[in-house]
Amino acid sequence: MAINDYVSAQEKGAKLNDTLIHKVMEAYVTVGNSLMTADGIVDTEKLKNKDTRQTASSVLYKILQSFTLEHFGASTTDADRIETLVFGLFGMNQQSIRKYFDDNEDKSDFNGFFTYAQRQTPFGYFMNQNTTERPKSKLSIDDAVEVVKQTHTESRVDSNKLDINHMAELLNKFKDDGMIVDSFLKGKDYAIK
Amino acid sequence: METLYGILSDFHRTNPTTINLAMQKLVQAGAQKLILNGDLTGEQNAHHIPAPYYLDYVLKAAADTNLETYVQFGSHEEFFSSEEVIKKKSSLYGNIINISTQQNIIQADHNLLFLPGSDVNSHGEYTLGTALPSGIYLITEDGPVQITNQNQYTRCVQLIQEKKAKSIVHYENTNDLTKHAKDPQKTILICHIPPLSIGFNAIDRAQFGLATEPFMLDKRPVEKDSIFPYPIAKDLISYGAPIAMQDKNVGNLELAQVMHTLGITKSICGHIHEASHRAHDLTGTHLPEHTYSQTLLYNASCMDKNRVGLLYVKDNQVAYKNILI
């Protein structure tokens, strides 16, 4: 049961992350649309202007905000509360978004923004929590025997040596590859020598 | 029972904002399933969204419609990144179906048969032809080497990372249609490229420029026989580039021959942008919208031109509707 809960939580986290990435792209594209010339060219030169950078930050933030309220089913209009919710989901707030545009001005691009979000805001950490740490909370040390059974490693893994991270590692590998090969177990502390 | 397929293809310069709009329009028009028929990476999008992210965006938009969506690649998809994205998306969302794992979709009164790839690859790594057996190949300086198992594949990935081999391509042999088409009369062939057709208003009629000799463009060499889209070719000619304008049917001859031999009379394509929203029978005679027929060659879509298509299937007959976004 706990293993099913783990797998289900991981799937839920993966879908949430996928949606978050999609929303960040959608938000960035919306900013690009606001900078577009009549010829259909995204004119990032416009971001040299301070007011345009402020507008771009607001446009991007509003998309994240809109999704956040929908995601949490929240109807609050309190700006501080909304900002807390947005930060809790995307790891970004208006200031951190503005910082990206101020630091990069006309050199802004999607790759740069996405890398910034992942590495210089908690966005990447939160996504990792969604698919890695949060699902692990569904497992306990009592599930070790069942993990070994479900991954068909009874004769190769010592369930007494498994901690939660090991269990997650085995379950993930089994899910990805459909099997646990001997080479994967080589050198692992929990492998039966 | 009538089945309605919404068809989209050729996302090159398409603004990502238009993607959700197009899918919603198809849903509103009654589409029950979607077909993404190649060139899905938006490699010329104004926002400079990198190809894998763009493909990811397209597939997520399709996933969110909750419609069963068949995905195949065309002329522009690169192998590694595209495989990674489609694998991830189809494992996350049950409605995203990677046709490379299931080419034949059997329905009660018709079959969809997917033939991925293209005979004209523009940085794409899904090739359609008759030179090699279908499969995955490592491209080396000595030619293509078929990869037949997971261990070889893993080794090939290493070789590419170490820059000891060029790339991996997916090769689809056109003649495999004879294996896949169990019931040709019930088969609707879905291929990114069109079969060679007849006439000025055919689904494969293209206007383009062809380099008549090598030249330099923006300090990069252009090889003889390189192809340029019509407006770009016109511009380049005005600057003196050695380009000759062409106006001809450019569909795939081998595909047309195999279809003829097997008796497949219904096919859907994209690829030739200027011929999108055209439909005709095997003789090149125009077929009107909303009219059921046993025969239909339909260039259904070009997102760059805001054109998508709706295919109606009923009792092994087909009809179509052109939709402008």
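Since the structure is predicted, the reported quantities are computational estimates derived from the model, not experimental observations. Numbers restart at 1 for each chain; the letters A, B, ... are given by sequence-line order, proteins then strands.
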Margin query: Is it the case that over 12 heavy atoms from other parts of the model lie below 6.0 angstrom from the CE atom of A:M179?
Written below: no

Next item on the list: Identify the two heavy atoms, one from A:V29 and one from B:P16, that lie closest to each other, and give their separation to 0.1 Å.
Entry: CG2-CG, 3.7 Å

Next item on the list: Might you confirm whether atom CG of A:D189 has over 12 heavy atoms from other residues, nucleotides or ligands at distances under 6.0 Å?
Entry: no

Give me a line-by-line list of donor-acceptor atom pairs from chain A to chain B that are under 3.5 Å apart, or tell me none exist.
unit_1: A:K15; atom_1: NZ; unit_2: B:L92; atom_2: O; d: 3.4
unit_1: A:D18; atom_1: OD1; unit_2: B:K88; atom_2: NZ; d: 3.4
unit_1: A:D18; atom_1: OD1; unit_2: B:K89; atom_2: NZ; d: 2.6
unit_1: A:D18; atom_1: OD2; unit_2: B:K89; atom_2: NZ; d: 3.2
unit_1: A:D18; atom_1: OD2; unit_2: B:Y93; atom_2: OH; d: 2.7
unit_1: A:T19; atom_1: OG1; unit_2: B:K60; atom_2: NZ; d: 3.1
unit_1: A:N33; atom_1: OD1; unit_2: B:N15; atom_2: ND2; d: 2.7
unit_1: A:N33; atom_1: OD1; unit_2: B:H47; atom_2: NE2; d: 3.1
unit_1: A:N33; atom_1: ND2; unit_2: B:T17; atom_2: OG1; d: 2.8

Next item on the list: Under 4.5 Å, heavy atom to heavy atom: which of residues 147-170 of chain A reach chain B? Give them by number, or say none.
Entry: none

Item checked: Atom of B:A46, atom of A:G40 and distance for their closest heavy-atom approach -> CB-O, 3.3 Å

Item checked: Heavy-atom pair of closest approach, residues A:A14 and B:L92 -> CB-CD2, 3.5 Å

Check: What pairs meet the salt bridge (charged side-chain N to carboxylate O under 4.0 Å, His left out) rule with one or both residues in residues 87-100 of chain A, with sequence neighbours excluded?
Finding: A:R98-A:D102, A:K99-A:D103

Check: Please, which pairs that meet salt bridge (charged side-chain N to carboxylate O under 4.0 Å, His left out) have at least one residue in residues 110-124 of chain A, sequence neighbours excluded?
Finding: none

